[in-house]
Novice: 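My questions all concern the structure below.
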Amino acid sequence: MSASGPDVPTREARLAVSFAQAVRFWFWLGCVSFGGPAAQIALMHEELVVRRRWISEERYLHALNYCMLLPGPEAQQLATYIGWLMHGTRGGIAAGVLFVLPSLLLLMVLSWAYVSWGQHPFGQALLWGLKPAVTALVLQAAHRLALRTLKARWLWAVTVMSLLGMLWGLPFPGILAGAAAMGFYMTRTSAVGRAAPEAQATGTWLDDESPDHTPYPLAQLVRALAMGFGLWALSLGLIALLFGPQHTLTHMGLFFTQAALVTFGGAYAVLPYVTQAAVEQFGWLSAAQMMDGLALGESTPGPLIMVVTFVGFLGGHGQALLGHPLLGGMVAACVVTWFTFLPSFVFILAGGPLVESTRRMPALNGPMQGIHAAVIGVIVHLAGVFARQTWLPGGWHMLPDVGALLLTVLASWLLIKKQIGVFRLLGLCTALGLVWQLLV
């Protein structure tokens with residue numbers, strides 16, 4: 001999955017990556033990272049490990065394992081972690097912000113267009129074609145992770161048990177803990193996690209040795225945590241002081257903080273939780289609007305969890321917060337995005353040095369593998385949820401939408417077998433959706 005980005009260094013220049021050069025790369029990545037977390041993780045691997053050799057394979061996988069353990073969007077956290085490894089705190093903040101900023105601006109524009117023209121027949125036809133593409137992209141994410149992760153029978157078993165657990169309504173943190181326990185057991189009873197590390201490619205900037213800024217005293221860790229908590233308390237306190245504790249913006253700040261802290265497994269695990277609360281508990285938007293937001297989120301760069309921007313915009317717009325629908329939508333979108341991503345920065349910038357100390361602890365490899373396998377089961381479950389909403393929009397008692405079913409099969413085949421680009425797929429599905437709507 002090669003992409004042609006800016007400032008690809010020569011072999012001689014790979015050992016000196018400036019902060020300005022990294023900033024240009026992170027902004028470019030934020031503009032082209034389509035396809036959800038699986039595609040974004042693969043793109044970062046291709047660019048940072050294979051093409052530029054800014055970071056070694058071992059370091060990249062270790063960072064990815066840590067981010068998969070955290071609640072919140074793993075792709076954005078991975079970018080923040082690598083930015084921090086490269087250039088310290090300013091590098092982590094720059095990478096994390098630039099990975100999100102283009103998507104935030106674009107989604108606010110698309111959300112405004114949606115509330116203005118989304119109910120027009122032409123707008124509905126556009127969204128109809130995007131929904132099968134969303135389902136296919138989730139299926140592709142599960143397929144890619146399975147190829148990379150499921151190397152043993154016990155990992156397949158963990159994936160199946162994870163899927164069954166989601167179908168039975170078990171909480172994902174419990175599924176995660178069970179998968180980690182299974183991985184720990186396999187570590188103790190087999191060779192899982194005890195293999196010697198593979199040799200690293202030469203010419204890598206961040207190889208085996210830790211940068212000087214990665215270890216720091218406990219007092220600095222406490223300061224980082226205190227600063228993160230202080231920013232959260234100050235921002236939420238100001239909102240509650242200005243608008244009241246029962247105001248929609250206050251509820252959004254509290255809910256999306258909770259979502260950021262308790263939902264594990266990345267965007268694909270967060271979305272069912274957010275959908276249930278935003279639609280059923282708070283009534284910020286309808287289930288059909290949420291599906292439309294997922295389609296828009298998949299069609300824009302940046303983390304898939306940026307669909308929360310759409311949720312916030314529609315909630316603020318529908319209630320005409322601050323006395324004006326557009327202003328209320330924009331402010332709510334920014335509030336939701338801030339409280340969703342703030343914990344991720346704290347996790348990385350405060351916890352990164354501790355994680356660096358675990359790079360040579362092979363006993364953690366088994367639990368990490370188990371967690372990865374469990375996440376695949378969650379992604380398959382989410383694909384089923386999306387497929388049901390796409391193929392059976394009227395419910396189980398209605399006939400399936402044959403056109404949506406056929407388009408989903410075609411999109412999945414193009415993504416998995418033909419490896420078509422995400423942007424091309426979205427354009428093709430939109431065009432075919434328009435043609436199908438005209439014919440029927």
Side-chain angles (χ1 to χ4, degrees), residues 3-33 40-41 43-64 66-67 70 73-105 200-217 220-221 223-225 227-228 231 301-303 337-338 341-357 359:
S4 180
D7 302 322
V8 179
T10 63
R11 181 179 180 85
E12 291 76 14
R14 282 177 181 144
L15 301 181
V17 182
S18 68
F19 178 66
Q21 187 178 1
V23 166
R24 289 194 294 271
F25 168 77
W26 294 121
F27 178 73
W28 170 81
L29 183 69
C31 292
V32 303
S33 55
Q40 292 154 3
I41 289 169
L43 176 60
M44 278 190 276
H45 180 272
E46 176 72 17
E47 292 294 327
L48 293 170
V49 178
V50 178
R51 298 186 70 241
R52 289 170 169 79
R53 294 191 180 182
W54 287 359
I55 184 171
S56 67
E57 177 83 14
E58 187 269 340
R59 275 192 176 276
Y60 181 87
L61 292 177
H62 183 264
L64 176 60
Y66 172 55
C67 295
L70 295 174
E74 69 269 25
Q76 186 266 350
Q77 290 167 341
L78 179 61
T80 305
Y81 191 100
I82 295 175
W84 169 78
L85 275 178
M86 292 171 61
H87 296 104
T89 299
R90 64 171 183 166
I93 293 174
V97 169
L98 292 175
F99 192 72
V100 169
L101 185 60
S103 180
L104 171 63
L105 299 176
Q200 301 298 323
T202 59
T204 302
W205 181 38
L206 294 180
D207 210 323
D208 194 52
E209 295 299 323
S210 296
D212 293 338
H213 63 267
T214 53
Y216 57 67
Q220 193 165 342
L221 170 64
R223 284 197 298 270
L225 292 173
M227 183 173 294
L231 286 173
T337 305
W338 167 258
F341 286 97
L342 177 61
S344 294
F345 283 97
V346 176
F347 289 144
I348 299 301
L349 299 179
L354 299 178
V355 177
E356 278 295 292
S357 65
R359 285 198 304 119

Novice: Is any side-chain heavy atom of Ile82 closer than 4.5 Å to one of Tyr60?
Specialist: yes
Novice: With the side chain counted from C-beta on, respond yes when Ile93 and Leu349 share a heavy-atom pair under 4.5 Å apart, and no when they do not.
Specialist: yes
Novice: What residue among Leu85, Val49, Leu64 forms side chain to side chain contact (heavy atoms under 4.5 Å, CB included) with Arg59?
Specialist: Leu85
Novice: What pair of heavy atoms forms the shortest contact from Gly83 to Ala95, and how long is it?
Specialist: CA-CB, 4.0 Å
Novice: For the residue pair Phe347 and Thr80, establish whether any side-chain heavy-atom pair is separated by less than 4.5 Å.
Specialist: no
Novice: If you define the side chain from C-beta out and look only at heavy atoms, does anything of Cys67 sit under 4.5 Å from Ile348?
Specialist: yes
Novice: Output yes when a side-chain donor or acceptor of His87 lies under 3.5 Å from a complementary backbone atom of Ala20, and no otherwise.
Specialist: no
Novice: Going from CG on Leu231 to CZ on Phe345, what distance comes out if it is rounded to the nearest 0.5 angstrom?
Specialist: 11.5 Å
Novice: Is the cationic atom of Arg52 (NZ for Lys, CZ for Arg) positioned less than 6.0 Å from the six-membered ring centroid of Phe25 and within 45 degrees of its normal?
Specialist: no
Novice: May I ask you to test the Glu47-Trp28 pair for a side-chain heavy-atom distance under 4.5 Å?
Specialist: yes
Novice: Walk me through whether Trp26 and Met86 qualify under side-chain contact (heavy atoms from CB on, under 4.5 Å).
Specialist: CA-CA 12 Å; Trp26 294 121; Met86 292 171 61; 4.2 Å; yes
Novice: Taking the side chain as every heavy atom from C-beta outward, state whether Gln77 and Phe99 have any pair of such atoms under 4.5 Å apart.
Specialist: no
Novice: Hey, what do you get for CE (Met44) to CG (Leu78), rounding to the nearest 0.5 Å?
Specialist: 4.0 Å
Novice: What pair of heavy atoms forms the shortest contact from Gly228 to Leu342, and how long is it?
Specialist: O-CD2, 4.1 Å
Novice: Any idea which heavy atoms bring Tyr81 and Ala63 closest together, and the distance?
Specialist: CD2-CB, 3.5 Å
Novice: Of all the heavy-atom pairs spanning Pro73 and Ser344, show the shortest one and how long it is.
Specialist: CD-OG, 3.6 Å
Novice: Tell me the closest heavy-atom pair linking Pro102 and Phe27, and the distance in Å.
Specialist: CG-CE1, 4.3 Å
